[in-house]
Amino acid sequence: MADAPRVYRQRERQVDARAEGAPDHLDGLNDEQRLAATASGAPLLIVAGAGTGKTRTLVHRVAHLIETGVRPERILLLTYTRRAAQEMLSRAERLVGSASRSVQGGTFHATANRLLRRFGPAAGLPGDFTIMDQGDAEDLMQIARATLGVAQRNKRFPKKETLQYLYSRHVNTERSLDALLHDEFPAFVDWQKDIERVWGDYTRRKAERNLVDYDDLLLFWALMLDQSPELGARIASMHDHVLVDEYQDTNALQSRILRGLCGANGRLTVVGDDAQSVYSFRGATVRNMLDFPAQFTGARVVTLERNYRSTAPILDCTNALISRASERYSKRLWTARTGGEKPWLVAARDESQQTRFVADRILELHEEGVPLREMAVLFRAGYMSADLEIELARRKIPFDKWGGLRFLEAAHVKDVLAFLRILENPRDEVSWYRILLLMPGIGETTARAAIETMAQLAWDSGAFGRYAPPPRARPAHDALVALLEAMRNATPTDYAQVSADIARVRTMYDELLRDKYDRPEPRLADLDQLQVIAAGYPSRLEFLNAIALEPPQGTQDLAAGGADQEDDVLVLSTAHSAKGREWDVVFVIWAVDGFFPLARAIGDDDQVDEERRLMYVAMTRARNHLFVTYPIHTYGTRRGADYTMDQLSRFLDRGVRETMERVALGDNDATAPPDTSPPAQPVDLRALLRGRFNA
DNA sequence: TTTTGAAGTCTCTCC
DNA sequence: GACTTCAAAA
């Protein structure tokens, strides 16, 4: 408490030095924002429409709390990405100085990780656990599934992905397996008992192998809070204020954590927009927002409706789009930014014309002075930008693709990480299994036998060396033992140790890659990149944690090793990853039924609604120019087309189209119909081939 | 028991 | 068009 006033005075001096009539930090906020930033005491829900200065308000609230004497380290700021937390804290720093640096911030999962490392040992969870990502969890689920033999008995038993999905849903939504099966997988209701047995085995294996999955991070946090009065009280007492961003995308479990953390009438601030709820596949529910006043007694609700981001024509369009949704906290966004052109609705003949339009327009706007980094191309799913990426590369337009965790999900990257993980946690069965299967001469049976032996030897670090492999696996076994031995003996204090670890793994692994692929180069390049990233971390454990919890958002982040890049680079992004960002110019491509909304969502009203909100998120990212494009013909090149009649997205109905400028791209660059008349000088193709191969 | 090749499946969003 | 699963060969 003692240093808070000092912070305040420090800021005053800074401000005084800068200019006379220095603005109070609340200046520049409108009435609602100011109310939200300064409200005290009771739980607070800020309903903030797109572009209404949500981040700004939250930043000012943090600043206000600090200025009114709250110690920064006693403020917890939960955001959706690490990037969002960093951005907010650096903005807060500009308002109240460096004190804000000690505000605790991060994602729910990263915060859970911090707490578990610290308090886990007091709750029966060793502090050196390994975090599994979703793919690892699926692999372990597969091991459990195979071990129990349920898959053989039941021909149509859920696959590992489904088992993992159901488990995750069960944990995050707090709904029973029975209910989930009835709602989403009626075909599997009869297997409920077997699914529970697989889950049981999965849970046992995680405990034995010191593994923790994403869902456990949250679940353990919640359990510490409400199953252990003493521990719960200690954790809850660490913070005086908790602020949560993107509240519409939190789930039932996260809500329970917040109740445990703040109590029913605690100092909790949440910000969200029900119209932008797009993570129901992760168990998120707008119920958290709708029920907030009921769950937190005496809660105040402040609504922000003035949009500062977009021009009036863009806002008219997005307002029309979202008005079709069954929104619960109704709000009418308005703006003073009159003028500007209507959003374009661009009909292209096919994908390549759509691509050319986007690339052309980007170059034109760039010519006119819009930096590339102020433009973004958004789409429903990662693969939809493939054609555009090729074209951009051809035209030498630099871009940075966000979204999708492709890099870390790539098999070769996971393989290399598995080596680091078994060094960190010798009991990591998932990683052992993965590594063993890579080795020539070792298949499923041998891998299992080796793991079984190691388990019997209590996972001693030399246990693998004492396993006696069948003759055909001898060379591989020897090589692996030697490699692990060498890595264990490496001085752990080496600078760039993690990077060196990877280099050692590669002395063996690169060969395997070369054997497996005809073109190993791109994969080898990925591993080079992994080494560069790893060099930025002081230890294996921190590197592995960071990789699991804070995956780099785009390729640019990777290349820069986490540092900020000043390069002027265009952004390509999934609509999901674009959440919370804004650009001068935004292109939304593939506005076609079957693509946006995705075909698989069609037929389920709730899912279609979510797709609509997702398109709303995409379109509301635009400040000055918005282009929505759709190819008229998709030529069935993609499966989505099977379910569609190549129609414009259903979300752009008449009312919405009226707010847009319709543009049909001319056929001037269309290829002429093929000339089918026979050539004057026929050629004998077969003869040419015979000649070439002496056949 | 492992490897290989062929048939078959399903395509997303992310911590 | 990539990845998994299944069946047969080594």
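- Atom-to-atom, CD of Glu138(A) to C1' of dC12(B) comes out at 13 Å; the value is rounded to the nearest Å.
- Looking at the side chain of Ala381(A), the nearest of the listed nucleotides dC15(B), dT1(B), dC12(B) is dC12(B).
- The aromatic rings of Tyr537(A) and Phe543(A) are tilted relative to each other, their planes meeting at an angle between 30° and 60°.
- Within the nucleic acid shown, Phe108(A) has no heavy atom closer than 4.0 Å to any nucleic acid atom.
- Classified by interplanar angle (parallel below 30°, tilted 30° to 60°, perpendicular above 60°), the ring pair Trp191(A)/Phe157(A) is tilted.
- With the nearest nucleotide of DNA chain B identified for both Ala110(A) and Ala447(A), Ala447(A) has the one nearer the 5' end.
- Taking atom CG on Leu253(A) and atom P on dC15(B), their separation rounds to 17 Å, with Å as the unit.
- Between His576(A) and Tyr279(A), the ring planes lie perpendicular to each other; the angle is over 60°, past the 30° to 60° tilted range.
- Between the side chain of Arg380(A) and the base of dC12(B), at least one donor-acceptor pair of N or O atoms lies under 3.5 Å.
- The nearest whole Å value for the distance from the CG atom in Leu378(A) to the C1' atom in dC12(B) is 15 Å.
- Residue Trp590(A) contributes atom CH2, which lies 16 Å from atom P of dC12(B) at whole-angstrom precision.
- When rounded to the nearest whole Å, the span between CZ of Arg145(A) and C1' of dT5(C) equals 11 Å.
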Protein-nucleic acid N or O pairs under 3.5 Å, nucleotides 3-6 of chain B:
| residue | atom | partner | partner atom | Å |
| --- | --- | --- | --- | --- |
| dT3(B) | OP1 | Gly441(A) | N | 2.6 |

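- OP1 or OP2 of dC14(B) has at least one side-chain nitrogen or oxygen of Ser577(A) nearer than 4.0 Å.
- Checking dT13(B), dC15(B), dT11(B) against every side-chain atom of Arg600(A), the shortest atom distance belongs to dT11(B).
- Within the structure, salt bridge (charged side-chain N to carboxylate O under 4.0 Å, His left out) contacts touching residues 430-452 of chain A (residues at least two apart or in different chains) are Asp139(A)-Arg434(A), Asp415(A)-Arg434(A), Glu444(A)-Arg448(A).
- The aromatic ring of Phe281(A) sits over the base of dT13(B), with ring centres less than 5.5 Å apart and planes tilted by under 30°.
- Checked against dC14(B), dC10(B), dC12(B), the side chain of Lys159(A) finds its nearest nucleotide in dC10(B).
- Distance CZ (Phe595(A)) to P (dT13(B)): 14 Å, rounded to an integer number of Å.
- Taking atom P on both nucleotides, dT5(C) is separated from dC12(B) by 15 Å, rounded to a whole Å.
- When rounded to the nearest whole Å, the span between NZ of Lys401(A) and C1' of dT13(B) equals 13 Å.
- A donor-acceptor pair shorter than 3.5 Å cannot be found between the side chains of Glu391(A) and Thr355(A).
- No contact: Glu610(A) has no heavy atom under 4.0 Å from any strand.
- Scanning both residues, Tyr214(A) and His109(A), for their nearest heavy atoms gives O-CD2, 3.4 Å.
- Pairs of residues two or more places apart, or lying in two chains, that qualify as salt bridge (charged side-chain N to carboxylate O under 4.0 Å, His left out) and include a residue from residues 243-260 of chain A are Lys54(A)-Asp245(A), Lys54(A)-Glu246(A), Glu174(A)-Arg256(A), Asp226(A)-Arg256(A), Glu246(A)-Lys579(A), Asp249(A)-Lys579(A).
- The nearest heavy atom of DNA chain B to Arg472(A) and to His109(A) marks one nucleotide each, and the one closer to the 5' end goes with Arg472(A).
- Side-chain contact between Gln647(A) and Val592(A) is absent, with no heavy-atom pair separated by less than 4.5 Å.
- Straight-line distance from the CD1 atom of Ile131(A) to the P atom of dC15(B): 13 Å, rounded to whole Å.
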